[in-house]
Amino acid sequence: MNIDIFPVLCNEKNMANYAYIIHDLSHSLTLVIDAAEAAPVASALETLRLKPDYILTTHHHFDHVGGNLYLKDKYGVQIIAPKNEFADVPGADIAADETSPLNLKGLDINILNAPGHTLGHILYYFPKSQWLFTGDTLFNLCIGGLFEGTPAQMFSSLQKIKALPDDTKIFPGHEYTRSCLPNTPEKIPGFAGYLQKMEQREQGKLAPATLAEEKIFNPYLQATTLSEFIK
Ligand code: ZN
Ligand code: FE
């Protein structure tokens with residue numbers, strides 16, 4: 001498949017956000033998922049010699065939309081934003097919702113509504129590549145805080161994620177893995193490979209965890225009922 005993904009670390013001093021640049025050669029399409037901060041995204045685009053066509057925003061928080069207006073002004077990108085928080089996303093042009101999957105210049109992208117962290121939060125799933133962009137819903141080893149939604153909403157959003165193929169690669173909105181590590185990681189069977197990926201990501205490399213790994217290691221994906229989840 002002729003599609004590449006480049007993680008861009010943003011807000012590096014405090015929040016460790018990810019923006020992701022996606023280049024789909026076969027559809028001559030360039031996307032930015034969560035333009036978290038203008039400068040690092042713009043400079044990565046220049047290095048890659050790419051001009052973005054669309055920004056895909058997962059939710060309205062400032063640390064996920066910081067580059068929207070700058071990139072819109074510079075490249076004339078169209079900004080796709082969650083339907084239920086459209087008005088809160090700077091520069092929003094196109095409303096996205098689970099009921100209407102996207103087709104951008106021939107590339108299919110599915111939307112999952114995932115209320116919890118915010119009420120309108122959406123996830124972007126690329127069915128062909130099996131890539132899931134989880135924003136602040138699912139992180140490696142943890143989940144986003146409940147700023148707007150209820151535990152029940154978050155639980156059902158996580159069940160939706162768990163229903164995707166196990167090979168799905170998880171691309172979260174922050175690199176928070178290290179702060180979510182268990183106390184004695186060396187005692188967990190099979191955890192060494194997962195840790196290696198974390199170290200690679202911290203060096204800016206592309207090393208996503210799979211959904212299968214998160215199902216094993218992420219404590220928030222263990223519960224199968226809401227009451228277990230709330231405990
Ligand atoms: Zn957030
Ligand atoms: Fe965030």
Side-chain angles (χ1 to χ4, degrees), residues 5-22 31-42 44 54-72 79-92 95-98 111-125 131-158 160-161 169-181 198 201-202 204 206-209 214 218-221 229:
I5 174 164
F6 307 93
V8 182
L9 202 56
C10 297
N11 304 318
E12 224 175 324
K13 290 213 175 85
N14 41 22
M15 320 200 55
N17 278 88
Y18 278 120
Y20 297 97
I21 296 172
I22 292 166
L31 309 173
V32 178
I33 313 273
D34 278 356
E37 190 188 10
V41 177
Y54 297 94
I55 291 172
L56 281 63
T57 298
T58 60
H59 67 293
H60 68 85
H61 283 163
F62 74 97
D63 60 315
H64 296 258
V65 300
N68 278 18
L69 294 179
Y70 176 86
L71 296 172
K72 188 168 186 171
I79 297 175
I80 298 171
K83 186 181 168 194
N84 292 335
E85 42 194 61
F86 191 77
D88 299 322
V89 173
D97 180 77
E98 195 166 86
I111 312 284
L112 279 75
N113 291 349
H117 178 71
T118 64
L119 285 174
H121 198 303
I122 58 175
L123 319 178
Y124 296 97
Y125 180 65
W131 293 346
L132 181 68
F133 296 87
T134 58
D136 285 358
T137 298
L138 178 68
F139 300 128
N140 300 109
L141 303 181
C142 45
I143 56 171
L146 295 174
F147 281 77
E148 298 175 11
T150 63
Q153 284 174 315
M154 180 55 105
F155 175 72
S156 93
S157 297
L158 296 174
K160 258 187 219 177
I161 294 176
K169 294 189 171 71
I170 304 294
F171 295 96
H174 292 263
E175 182 51 59
Y176 283 164
T177 325
R178 191 172 285 279
S179 56
C180 302
L181 284 178
M198 173 191 78
R201 287 196 300 274
E202 288 174 340
L206 186 69
E214 290 305 321
N218 190 323
Y220 296 92
L221 295 185
F229 180 70

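When a ligand or atom number is given, it counts from 1 through the structure's own listing order.
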His59 near the Fe ion (ligand 2) via N/O/S, less than 2.8 Å:
no
Please find out if the Fe ion (ligand 2) and some N, O or S atom of His174 are separated by less than 2.8 Å.
yes
Checking one value in my table: which N/O/S atom of Asp136 lies closest to the Zn ion (ligand 1)?
OD2
Tell me, which N, O or S atom in His117 is closest to the Zn ion (ligand 1)?
NE2
Pairwise side-chain contact, Ile5 with Phe133, heavy-atom cut-off 4.5 Å (strictly under):
yes
Counting heavy atoms not belonging to Tyr70, are there more than 12 under 6.0 Å from its OH?
no
The Zn ion (ligand 1) to Asp63: any N/O/S contact under 2.8 Å?
no
Looking only at side chains, do Asn113 and Asp97 share a donor and an acceptor under 3.5 Å apart?
yes
NE2 (His59) - the Zn ion (ligand 1) - ND1 (His61) angle, nearest 10°:
100°
Once the angle between the rings of His117 and His59 is folded into 0 to 90°, is it parallel (under 30°), tilted (30 to 60°) or perpendicular (over 60°)?
perpendicular
From the list Ile161, Leu112, Ile111, side chain to side chain contact (heavy atoms under 4.5 Å, CB included) partner of Tyr125 resolves to Leu112
Measure from the Fe ion (ligand 2) to every N/O/S atom of Asp136 and report the name of the nearest one.
OD2
With respect to the Fe ion (ligand 2), what is the nearest N, O or S atom of Asp63?
OD2
Aromatic centroids of His174 and His64 separated by under 6.0 Å:
yes
